[in-house]
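Notes follow once the structure below has been shown.
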2 protein chains.
Amino acid sequence: MAEVTIGMASKLTEIKIPTIRYYEEIGLISPRARTESNRRLYAETDLSRLRFIRHARELGFDIEAIRAMINLQAHPEKSCSEIDQIANKHLADVNRRIAGLQALKRELSRMIEGCNCGRIDECRIIEVLQDHGQCKNDHSHMNEKFK
Amino acid sequence: MAEVTIGMASKLTEIKIPTIRYYEEIGLISPRARTESNRRLYAETDLSRLRFIRHARELGFDIEAIRAMINLQAHPEKSCSEIDQIANKHLADVNRRIAGLQALKRELSRMIEGCNCGRIDECRIIEVLQDHGQCKNDHSHMNEKFK
DNA sequence: TCTTGATCCTCTAGTCACTAGAGATATTAG
DNA sequence: CTAATATCTCTAGTGACTAGAGGATCAAGA
């Protein structure tokens with residue numbers, strides 16, 4: 001199969017054109033072949049890497065984790081335990097996020113239940129938000145990831 | 001109680017100093033009283049609003065939702081159904097995020113289980129990430145919030 | 001062959017919700 | 001009086017893109 005332009009690569013991988021260029025800029029894909037008129041050309045291996053990046057991003061891996069995995073792929077003879085570690089770390093993170101969101105859901109539900117849609121000056125939602133003491137769940141442990 | 005400086009306000013509300021200034025910049029808290037030497041002074045009502053903002057942020061409301069709620073608080077005679085609506089919209093969003101993360105968790109788990117930590121060139125994690133076809137869960141519906 | 005429209009290029013700036021740092025001034029404790 | 005701490009404003013950086021300007025190139029139809 002011949003090489004394709006960025007527009008075609010975008011269609012095939014479902015990654016937007018500026019995003020593909022961005023991935024190149026930050027070094028996730030190595031400098032491309034170009035046409036005489038300086039247009040990027042992508043081969044099947046490039047598309048494959050782009051799909052890898054896209055799927056990993058969809059699964060919530062951050063760019064640095066993806067970069068690490070790509071670097072590891074450059075040494076196929078090594079053990080894949082490092083990749084396994086990255087995936088496990090990410091799974092743990094996902095589990096923490098789920099737990100955080102579920103606590104959040106409970107609190108939101110309780111807050112909404114308490115609201116009988118009267119006047120704002122007797123609104124339970126505002127009350128709860130204003131007075132942290134009314135909050136039964138301690139989510140001070142929550143970090144950015146949960147929010 | 002007397003008015004306090006930004007450092008004290010920061011301690012009392014557990015919001016970092018630059019963040020308080022940022023909230024002022026974007027108009028979440030109205031222009032402060034200042035000392036003769038131009039230092040910000042916060043009264044109890046200001047602290048109350050800061051706590052409201054902090055708690056709402058912790059619960060994942062975005063700045064615009066918080067701004068809307070603050071504007072509604074300025075009209076305490078109105079019905080609080082709008083606030084209820086904001087909270088319900090947010091709850092629905094939280095539910096979607098939980099569902100997305102749970103799908104993600106299933107996929108990550110399956111991926112990790114399949115990995116027997118051999119050589120990278122036979123790593124199931126990389127395989128799965130490279131070939132979307134192997135993925136049983138369709139998470140194309142997932143938006144940024146889930147990632 | 002000319003022209004039109006689609007595609008591509010690079011570069012800069014904007015998004016969100018902060019966070020960090022520079023350099024200057026002011027207050028407080030000893 | 002001095003030194004340490006707290007505050008001020010302003011600018012720039014974060015992550016992972018997204019949007020737009022302004023210009024070059026390509027493919028297809030007249």
Side-chain angles (χ1 to χ4, degrees), chain A residues 2-29 31-42 46 50 52-70 90 93 97 142-147, chain B residues 2-29 31-42 46 50 52-70 90 93 97 142-147:
Chain A
E3 291 170 321
V4 298
T5 61
I6 198 166
M8 198 58 197
S10 171
K11 259 170 210 130
L12 292 172
T13 63
E14 291 172 84
I15 301 175
K16 287 179 190 153
I17 291 173
T19 306
I20 295 177
R21 289 199 274 246
Y22 168 72
Y23 288 155
E24 180 176 333
E25 194 189 319
I26 63 172
L28 280 195
I29 54 180
R32 311 289 80 243
R34 302 272 184 138
T35 66
E36 278 183 20
S37 62
N38 202 33
R39 300 192 165 191
R40 290 168 179 83
L41 287 179
Y42 297 91
D46 302 316
L50 285 171
F52 173 85
I53 296 170
R54 173 171 155 254
H55 200 178
R57 286 291 301 130
E58 275 173 355
L59 291 180
F61 289 93
D62 63 21
I63 296 288
E64 285 320 302
I66 293 170
R67 195 193 300 281
M69 290 194 280
I70 285 174
H90 186 54
D93 191 56
R97 279 154 77 181
M142 281 169 64
N143 70 22
E144 278 311 311
K145 297 270 181 170
F146 301 139
K147 296 174 188 173
Chain B
E3 290 170 324
V4 297
T5 59
I6 198 167
M8 197 58 196
S10 171
K11 259 170 209 131
L12 293 171
T13 62
E14 293 172 83
I15 299 174
K16 287 181 190 150
I17 292 172
T19 306
I20 295 176
R21 288 199 274 247
Y22 169 72
Y23 288 155
E24 180 177 333
E25 195 190 318
I26 62 171
L28 281 194
I29 55 181
R32 310 290 80 244
R34 301 275 185 137
T35 66
E36 279 183 17
S37 63
N38 202 34
R39 300 193 164 192
R40 289 168 179 84
L41 287 178
Y42 298 90
D46 301 317
L50 284 171
F52 173 84
I53 295 169
R54 173 170 155 255
H55 201 179
R57 286 291 300 130
E58 276 173 356
L59 291 181
F61 289 93
D62 63 21
I63 296 288
E64 285 319 304
I66 293 171
R67 195 193 300 280
M69 290 194 281
I70 285 174
H90 186 55
D93 191 54
R97 278 155 78 181
M142 283 168 63
N143 71 22
E144 277 312 310
K145 297 270 181 171
F146 301 140
K147 298 176 187 174

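Residue numbering restarts at 1 for every chain, and letters A, B, ... go by the order of the sequence lines. What's counted below: heavy atoms across the whole structure, side chains too, no hydrogens, waters or symmetry copies.
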Length of the line joining I20(B):CD1 and dA17(C):P, which is rounded to integer Å: 18 Å
Rounded distance in Å - CZ (R57(A)) to C1' (dC17(D)): 9 Å
side-chain N/O K16(A) vs dT18(D) OP1/OP2, d < 4.0 Å: yes
Whole-Å gap separating P (dC18(C)) and CD (E58(B)): 11 Å
E64(B): partners by side chain to side chain contact (heavy atoms under 4.5 Å, CB included), with sequence neighbours left out: D62(B), R67(B)
Nearest-0.5 Å distance that lies between atom OH in Y22(A) and atom CD1 in I63(A): 5.5 Å
Contact state string [nucleotides 5-12 of chain D, B base, S sugar-phosphate only, - no protein heavy atom under 4.0 Å]: -BSSB---
Which atom of L28(A) lies closest to which atom of I70(A), heavy atoms considered: O-CD1, 3.7 Å
For atom CD of E64(B) and atom P of dA17(C), their distance in whole Å: 7 Å
Minimum-distance pair of heavy atoms, taken over all atoms of R34(B) and E24(B): NH2-OE2, 3.5 Å
Ion pair E25(B)/R21(B), N-O distance below 4.0 Å: no
Shortest non-hydrogen contact between I53(B) and I29(B), atoms and distance: CD1-CG2, 4.1 Å
Under-4.0 Å side-chain N/O to phosphate OP1/OP2 contact, Y23(B) with dC18(C): yes
